[in-house]
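Below: one structure, written as structure tokens.
Hydrogens, waters and symmetry mates are skipped; everything else that's a heavy atom, side chains included, is used. Numbering of residues begins at 1 and proceeds along the displayed sequence.
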Amino acid sequence: MAAIIALFDVDGTLTAPRKEVTPQMLKFMKELRKVVPIGVVGGSDLIKISEQLGKTVIGDYDYVFAENGLVAYKDGAEIGIMSLKNHLGEEKLKELINFTLKYIADLDIPIKRGTFIEFRNGMLNVSPIGRNCSQEERDEFEKYDKVHKVRATMVSLLREKFGHFNLTFSVGGQISFDVFPRGWDKTYCLRYLEAFNEIHFFGDKTFEGGNDYEIFASEKTIGHTVTSPEDTMKQCTEIFLNKAN
């Protein structure tokens, strides 16, 4: 029998962007886990993933991959961690951060708040508006960005400027994009799933340039594009639960 696992993105897949998981989804995932092993992979650190999926998240899933899997947990125990600072070096890191902050300082957008760069273990998260904005401000920036392409323009410039650093710039969520070494996208977590010969991945940002694209398109996964947490439950019911019944 094939060894199968269901692997999920967080924002837009298990929860609304930056919102807490609903009781309905928690109940659904518990039922799904009875049928197939489940895992979650997000670009955020474990603290933010826990804020959305609950403080018991590493016990609720067979695998939890924070920061694209650069911080990895299996059955509640840490099994791997990678460091951007050690990989890139302090001088390159400083050059990238200085340029990014100067660009944001000169950027003319309706509002700016605080925390424009969040330093994580394996990546930088860059937000033109600043991560300290309210949910209402997040929603407004997302609408503004869809029209004015603030993040896409910034990513294009950074790719050109820092191409020699071999970095990936991946747009995700409502207000930010991630920066990490090439190959440290969500496919990084797949090295921990070699025991499975059928990996179903569910994500909403599966378009090229989205932070689910690489793992969605990987030959190692069966990719599923979802439009909401409700759609995730619908597709999983059809793929796993209906077959089990």
Common cluster, [X]/[Y], ILVMFWY with side-chain heavy-atom separation under 4.5 Å:
X: I239; Y: V36; answer: yes
X: I79; Y: V40; answer: no
X: I4; Y: M233; answer: yes
X: I222; Y: L14; answer: no
X: V71; Y: L7; answer: no

After noting the C-alpha distance and the side-chain angles of E140 and K143, does the key distance pass the side-chain contact (heavy atoms from CB on, under 4.5 Å) rule? CA-CA 5 Å; E140 287 303 313; K143 295 174 185 176; 3.7 Å; yes
Atom NZ of K74 and atom CG of L193: how far apart are they, to the nearest 0.5 Å? 9.0 Å
When rounded to the nearest 0.5 angstrom, what distance separates CD in E67 from CD1 in I81?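 Taking CD in E67 and CD1 in I81, the distance rounds to 7.5 Å.
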With the side chain counted from C-beta on, respond yes when [X] and [Y] share a heavy-atom pair under 4.5 Å apart, and no when they do not.
X: L70; Y: R120; answer: no
X: W184; Y: M82; answer: yes
X: D204; Y: D212; answer: yes
X: S218; Y: I199; answer: no
X: L84; Y: P181; answer: yes

Taking atom NZ as the centre, does K220 end up with more than 12 heavy-atom neighbours from other residues, nucleotides or ligands that are less than 6.0 angstrom away?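 Not more than 12 within 6.0 Å, no.
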Ignoring hydrogens and geometry, is there a side-chain-to-backbone donor-acceptor pair from [X] to [Y] under 3.5 Å?
X: T221; Y: A217; answer: no
X: N211; Y: S170; answer: no
X: E214; Y: D185; answer: no
X: Q235; Y: T225; answer: yes

Sorted by chain and number, sequence neighbours left out, side-chain contact (heavy atoms from CB on, under 4.5 Å) with N68 holds for M123, F180, K186
For E20, which residues count as a side-chain contact (heavy atoms from CB on, under 4.5 Å) partner, sequence neighbours excluded?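 None.
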Residues in salt bridge (charged side-chain N to carboxylate O under 4.0 Å, His left out) contact with [X], at least two apart in sequence or another chain:
X: E208; value: none
X: E31; value: K34
X: K30; value: none

Which donor-acceptor pairs under 3.5 Å do the side chains of residues 126-139 make with protein atoms, sequence neighbours left out?
from, atom 1, to, atom 2, distance (Å)
S127, OG, G130, N, 3.0
S127, OG, I175, O, 3.1
R131, NH1, N125, OD1, 2.8
N132, OD1, T115, OG1, 3.2
N132, ND2, T115, OG1, 3.4
S134, OG, E137, N, 3.1
S134, OG, E137, OE1, 3.3
Q135, NE2, D139, OD1, 3.0
Q135, NE2, Q174, OE1, 3.3
E137, OE1, R113, NE, 3.4
E137, OE1, S134, N, 2.8
E137, OE2, R113, NE, 3.1
E137, OE2, R113, NH2, 2.8
D139, OD1, Q174, NE2, 2.9

Return the minimal non-hydrogen interatomic distance between [X] and [Y], and the atom names on each side.
X: A16; Y: P229; answer: N-CG, 3.9 Å
X: P37; Y: F196; answer: CG-CE2, 4.0 Å
X: F8; Y: M29; answer: CE1-CE, 3.4 Å
X: G183; Y: Y188; answer: O-CD1, 3.8 Å

If a pair satisfies ring pair (Phe, Tyr, Trp, His ring centres under 6.0 Å) and one of its residues is in [range], list it, with sequence neighbours excluded.
range: residues 112-145; value: Y144-H148
range: residues 203-224; value: H200-H224, F202-H224
range: residues 20-60; value: none

List the atom pairs, with distances to 0.1 Å, where a side-chain N or O of residues 154-169 and a protein N or O form a donor-acceptor pair under 3.5 Å, not counting sequence neighbours.
from, atom 1, to, atom 2, distance (Å)
R159, NH2, F169, O, 2.9
N166, OD1, R182, NH1, 3.3

Only pairs under 3.5 Å count here: list side-chain donor-acceptor contacts from residues 48-65, not counting sequence neighbours, and write none if there are none.
from, atom 1, to, atom 2, distance (Å)
K48, NZ, E118, OE1, 3.1
K48, NZ, E118, OE2, 2.7
S50, OG, L46, O, 2.8
E51, OE1, R18, NH2, 3.2
Q52, OE1, R18, NH1, 2.7
Q52, NE2, D11, OD1, 2.6
Q52, NE2, T15, OG1, 3.0
Q52, NE2, K19, O, 3.3
T56, OG1, D60, OD1, 3.4
T56, OG1, D60, OD2, 2.8
D62, OD1, R33, NH2, 3.3
D62, OD2, R33, NE, 3.4
D62, OD2, I38, N, 2.9

Please output the side-chain donor-acceptor pairs of residues 92-110 that fall under 3.5 Å, not counting sequence neighbours, one pair per line with the distance.
from, atom 1, to, atom 2, distance (Å)
N98, ND2, K94, O, 3.4
T100, OG1, L96, O, 2.8

Inspect the contact between K234 and E238 and indicate whether a charged nitrogen and a carboxylate oxygen are less than 4.0 angstrom apart.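 Looking at K234 together with E238, the answer is yes, because their closest N to O distance falls below 4.0 Å.
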